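Note that the structure is predicted; figures quoted are calculated from it, not measured. Residues: numbered from 1 along the sequence shown. Atoms considered below: every heavy atom in the structure, side chains included; atoms not considered: hydrogens, waters and symmetry mates.
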Amino acid sequence: MSWIYLSHTLDEETPLYNDSGSISIERNNRILEGDSCNSSQLSLPAHSGTHMDAPYHFDEEGKTLDLYPPDYWFCSKPYIIDISLNLGKLIDYQLVENKLKEVPQDCDILLIRTGAEQFREDSSRDYSKKGIGITKELAEWIRINLSIKILGFDFISLSSPLKREEGRLAHKALLSHHTSQKDPILI
């Protein structure tokens, strides 16, 4: 079996949600300068680059990522939904209804590929300021009807900076223990 790495390298130019915060990588030891080793000090927001949102993100009683066992993070039944979408748009249930019907019952990680990633390095920063998002309606449908444990996508956040309240509701629909009898879906 081969593994697929689903992340980008972090650096000072990594786009952050709505351009909030910054990443700092400071080289504090260098062998070339007489130090015994090379090392760096990192400073970054929790939502930098490829990251996971745990239930605690929107639920004070929710789990944090460190409470999940190591084997939780391995997925063996991925499924990808491809849908071309412009930045600033929301994905609702009607837009992906037919594609959702094709998701296998044993799928453990659902990935949504929109093409938004092509704008990641754009100097206009639209990728971080006008991102794609998911509606509460779609988040609820996924939580109730699929048996996945992780939802991933190629846009910066489940919540579009242009539709933040809808994004908050979608986060809660997926992450909260209080919205369904099923376990939360990490995003």
inquiry  = Using 0.5 Å steps for rounding, measure from the CG atom of Leu44 to the CG atom of Asp11.
reply    = 11.5 Å
Check: Asp35 side chain, Cys37 main-chain N or O, donor-acceptor pair, under 3.5 Å = no
query = In Å and rounded to the nearest 0.5 Å, what is the CE to OG1 distance from Met52 to Thr64?
reply = 13.0 Å
Leu151 reachable from Ile83 in the ILVMFWY side-chain graph, under 4.5 Å edges = yes
ask   = Could you give all pairs that pass the ring pair (Phe, Tyr, Trp, His ring centres under 6.0 Å) test and reach residues 34-57, with sequence neighbours left out?
value = His47-His51, His47-His57, His57-His171
key: Heavy-atom side-chain proximity of Thr14 to Arg120 below 4.5 angstrom   = yes
query = Hey, are the side chains of Leu174 and Leu158 touching, using non-hydrogen atoms and a 4.5 Å cut-off?
reply = yes
request  = Would you mind checking if Arg143 and Glu140 are paired as a salt bridge, meaning a charged N to carboxylate O distance below 4.0 Å?
outcome  = no
key: Inter- and intrachain pairs under side-chain hydrogen bond (donor to acceptor under 3.5 Å, both in side chains), touching residues 108-119, at least two apart   = His8-Glu117, Asp82-Arg113, Thr114-Asp154
task = Consider only side-chain heavy atoms of I, L, V, M, F, W and Y, link residues closer than 4.5 Å, and tell whether Leu100 and Ile132 are in one cluster.
result = yes
request  = With sequence neighbours left out, write down each residue that passes salt bridge (charged side-chain N to carboxylate O under 4.0 Å, His left out) with Glu166, or none if nothing qualifies.
outcome  = none
task = Nearest 0.5 Å please: distance from the CD1 atom of Ile185 over to the CD1 atom of Ile144.
result = 9.5 Å
remark   = In this structure, OG of Ser24 is separated from CD of Glu12 (nearest 0.5 Å) by 6.0 Å
task = Check Gly131 against Pro161 and note the closest heavy-atom contact, atom names and distance.
result = N-CD, 3.6 Å
ask   = Is any side-chain heavy atom of Ile91 less than 4.5 Å from a side-chain heavy atom of Phe155?
value = yes
inquiry  = If I take atom CZ from residue Phe119 and atom CG from residue Leu87, how far apart are they, to the nearest 0.5 angstrom?
reply    = 5.0 Å
key: More than 12 heavy atoms of other groups within 6.0 Å of Lys89 NZ   = no
key: Hydrophobic cluster membership, Ile109 vs Ile80, 4.5 Å side-chain cutoff   = yes
inquiry  = For the CD1 atom of Ile134 and the CZ atom of Phe153, what is their distance to the nearest 0.5 Å?
reply    = 5.5 Å
ask   = Does Gln94 CD have over 12 foreign heavy atoms under 6.0 Å away?
value = no
request  = Return the minimal non-hydrogen interatomic distance between Leu65 and Ala54, and the atom names on each side.
outcome  = CD2-CB, 3.4 Å
ask   = Tell me, do Leu32 and Asn38 make a side-chain contact under 4.5 Å, heavy atoms counted?
value = no
request  = Determine, using the 4.5 Å side-chain heavy-atom cutoff (strictly less than), whether Leu169 and Leu138 are members of one ILVMFWY cluster.
outcome  = no
Which atom pairs, donor and acceptor, lie under 3.5 Å between side-chain atoms of residues 16-23 and protein residues at least two apart or in another chain?
| from | atom 1 | to | atom 2 | distance (Å) |
| --- | --- | --- | --- | --- |
| Tyr17 | OH | Ser159 | O | 3.4 |
| Tyr17 | OH | Ser159 | OG | 3.3 |
| Asp19 | OD1 | Arg125 | NE | 3.4 |
| Asp19 | OD1 | Ser128 | OG | 2.9 |
| Ser20 | OG | Tyr17 | O | 2.7 |

message = Counting only heavy atoms from other residues, nucleotides and ligands, does the tally under 6.0 Å from CD of Gln105 exceed 12?
response = no
task = Share the residues that join Leu90 in a hydrophobic cluster, the rule being Ile, Leu, Val, Met, Phe, Trp or Tyr side chains under 4.5 Å apart at the heavy-atom level.
result = none
inquiry  = Working note: Arg168 + Glu165, criterion salt bridge (charged side-chain N to carboxylate O under 4.0 Å, His left out); need CA distance, chi angles, decisive distance, verdict.
reply    = CA-CA 5 Å; Arg168 289 181 186 111; Glu165 186 54 36; 3.3 Å; yes
key: Main-chain N/O of Lys63 paired to Tyr68 side chain as donor or acceptor, under 3.5 Å   = no
ask   = Are the side chains of Leu146 and Trp141 in touch, meaning some heavy atoms are under 4.5 Å apart?
value = yes
message = What I'd like to find out is whether the side chain of Ile156 reaches to under 4.5 Å of the side chain of Tyr127, using heavy atoms alone.
response = yes
query = Do Asn29 and Ser36 have side-chain atoms, one donor and one acceptor, less than 3.5 Å apart?
reply = no
remark   = Across all chains, not counting sequence neighbours, the side-chain contact (heavy atoms from CB on, under 4.5 Å) partners of Pro104 are Tyr79, Asp106, Cys107
